[in-house]
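For reference, the structure discussed in these notes is given below.
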Amino acid sequence: MTSSHRPSPPIGGFAARRLIGVDDLSDADIVYLLDLAEHYAGYLMRSAPAPRRLAGKTQINLFFEDSTRTNLSFELAGKKLGADVINVPVAASSIHKGESLVDTALTLSAMAADIMNVRAKEPGLHEELDRRLNCVVLNAGDGVREHPTQALLDAATIRSQFRSFDGLAIAICGDVKHSRVAGSDARLLSRLGAEVRFVGPKHLMPDDDQFPEVARAGSLKDGLDGADIVMGLRMQFERMSDGARDAAQGYYEEFGITYETLKLAKPDAKVMHPGPMNRGVEIDGALADDTERSLILNQVFYGVPTRMACLDALVTRGE
Ligand code: CP
């Protein structure tokens with residue numbers, strides 16, 4: 001977070017026309033976004049005003065699920081680029097008069113929106129909005145499926161620390177089954193050259209036919225061996241059946257990320273967590289606060305320049 005590195009903005013175009021999943025991005029798009037995120041991070045580090053690349057553009061943040069980091073960093077990102085930003089007050093909206101999610105989005109799109117950042121758990125909603133709206137659709141998190149801007153900001157954070165992804169061993173630990181972050185991170189970080197592993201109890205792992213390219217370990221001893229990064233995940237109780245919730249008992253004793261269990265990884269391994277975190281449930285609070293070992297607030301920092309990069313690239317198409 002204290003780096004003074006100030007790269008030039010990336011040169012060349014940007015191909016993606018939407019960002020619903022990591023696979024919407026070509027390899028060149030990913031590099032473009034990470035370079036642009038690093039460029040915008042320089043403005044934030046210097047407290048300097050960023051170019052008003054989105055002046056005159058309208059950005060709508062439509063969150064049907066709770067959020068702190070994603071919603072507010074999208075708001076800040078859009079404002080820093082000069083966009084007119086609206087955070088839709090869903091709790092006080094006409095959704096409660098029976099208007100559907102799609103009709104709500106169509107209504108907002110008709111207000112000459114240029115980009116809509118949507119968080120919703122309904123399967124296929126983002127794809128339907130992409131077909132029907134006259135604006136760019138960006139997935140700000142959908143159920144257990146994808147959270148592509150979280151994966152990009154995680155990659156930006158890792159690159160700021162390690163410079164290269166080649167051969168980097170990244171252990172994603174805990175409730176992988178219910179985590180959209182785990183899926184998007186695994187897709188993106190593997191493409192960038194990292195060796196991603198899922199670590200956790202069997203009942204919190206995705207089905208066997210999902211993520212065949214990602215190694216799995218059923219214990220921290222096996223999963224953290226040689227890891228450069230240990231990423232914790234929140235226990236997503238709101239997405240669990242009662243049985244899985246019961247099975248979460250005793251989790252911290254076996255899978256909690258603590259100073260002691262971190263010794264199983266490389267000596268200088270870093271800790272990450274997409275947040276929100278539950279101290280004493282999946283991670284030790286003192287370790288999470290230890291800025292020598294923890295990159296958790298670096299991840300929050302990179303949320304703003306990474307989302308600036310996504311908004312800029314998707315709206316201006318790199319021009
Ligand atoms: N990481 C993340 O998506 O956090 P929020 O739910 O607070 O946006």
Side-chain angles (χ1 to χ4, degrees), residues 1 19-22 33-34 37 41 59-80 85-91 115-122 125-126 137-158 160 170 172-189 196 198 204 229-240 257 270-279 281-283 285 288-289 294-311:
M1 221 186 291
L19 182 50
I20 296 178
V22 166
L33 289 174
L34 293 180
Q59 170 193 330
I60 294 181
N61 298 329
L62 180 57
F63 279 58
F64 295 109
E65 287 187 312
D66 296 343
S67 170
T68 298
R69 278 149 286 270
T70 312
N71 196 353
L72 298 180
S73 62
F74 263 124
E75 179 179 359
L76 198 49
K79 286 179 173 171
K80 284 189 176 292
V85 182
I86 293 176
N87 277 338
V88 180
V90 167
I115 186 163
M116 199 176 298
N117 304 314
V118 182
R119 174 170 287 193
K121 64 178 184 296
E122 284 68 19
L125 177 70
H126 292 79
V137 173
L138 188 152
N139 179 359
D142 62 347
V144 300
R145 205 174 58 131
E146 282 260 18
H147 195 351
T149 58
Q150 179 72 44
L152 286 161
L153 75 87
D154 287 345
T157 305
I158 293 168
S160 74
I170 302 174
I172 301 179
C173 306
D175 183 9
V176 179
K177 183 184 183 75
H178 303 100
S179 173
R180 54 192 172 215
V181 175
S184 291
D185 272 1
R187 290 182 188 96
L188 183 70
L189 297 172
V196 179
F198 290 154
L204 294 178
I229 294 168
V230 178
M231 184 181 296
L233 297 172
R234 182 173 66 88
M235 300 290 279
Q236 289 136 109
F237 293 117
E238 75 278 13
R239 300 191 187 122
M240 292 182 190
I257 300 171
K270 301 289 189 187
V271 172
M272 297 177 71
H273 192 305
M277 65 180 163
N278 293 131
R279 295 165 186 259
V281 177
E282 72 271 0
I283 190 167
D289 292 338
S294 168
L295 301 179
I296 294 171
L297 291 181
N298 302 58
Q299 291 171 268
V300 177
F301 169 80
Y302 271 98
V304 178
T306 301
R307 292 183 169 115
M308 290 169 76
C310 293
L311 294 169

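For the single chain, residues carry numbers from 1 onward in sequence order. No experiment lies behind these values; they were computed from the predicted model shown. Start at 1 and go down the list; that is how both ligands and their atoms are numbered. When reading the values below, keep in mind they use all heavy atoms of this one structure, side chains included, and skip hydrogens, waters and symmetry mates.
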query = Is any side-chain N of the basic residue among Arg180 and Glu65 closer than 4.0 Å to the acidic one's carboxylate O?
reply = yes
inquiry  = Which of the numbered atoms in ligand 1 are under 4.0 angstrom from any heavy atom belonging to Gln150?
reply    = 1 (N), 2 (C)
remark   = One should read off an interatomic distance between Thr157 OG1 and Gln150 CD, to the nearest 0.5 angstrom, of 8.5 Å
request  = Supply the atom-to-atom distance Ile158 CD1 to Leu295 CG, rounded to the nearest 0.5 angstrom.
outcome  = 8.0 Å
ask   = For atom 4 (O) of ligand 1, what is the nearest protein heavy atom, given as residue, atom name and distance?
value = Arg69 NE, 3.0 Å
task = Walk me through it: do Glu75 and Asn87 pass the test side-chain hydrogen bond (donor to acceptor under 3.5 Å, both in side chains)?
result = CA-CA 7 Å; Glu75 179 179 359; Asn87 277 338; 2.5 Å; yes
request  = Examine ligand 1 and decide if any of its atoms is less than 4.0 Å from a heavy atom belonging to Pro274.
outcome  = yes
task = Output the list of atoms in ligand 1 that are nearer than 4.0 Å to some heavy atom of Thr68, sorted by atom number.
result = 5 (P), 7 (O), 8 (O)
remark   = protein heavy-atom neighbour closest to atom 6 (O) of ligand 1 works out as Arg119 NH1, 2.9 Å
inquiry  = Asn71 versus ligand 1: do any nitrogen or oxygen atoms come within less than 3.5 Å of each other?
reply    = no
task = State the NZ-CG distance between Lys270 and Asn298, to the nearest 0.5 angstrom.
result = 8.5 Å
ask   = Distance from Gln236 atom CD to Lys177 atom NZ, nearest 0.5 Å?
value = 12.0 Å
query = Looking only at N/O atoms, are Thr70 and ligand 1 under 3.5 Å apart anywhere?
reply = yes
inquiry  = Counting only nitrogen or oxygen atoms and a 3.5 angstrom limit, does Pro276 reach ligand 1?
reply    = no
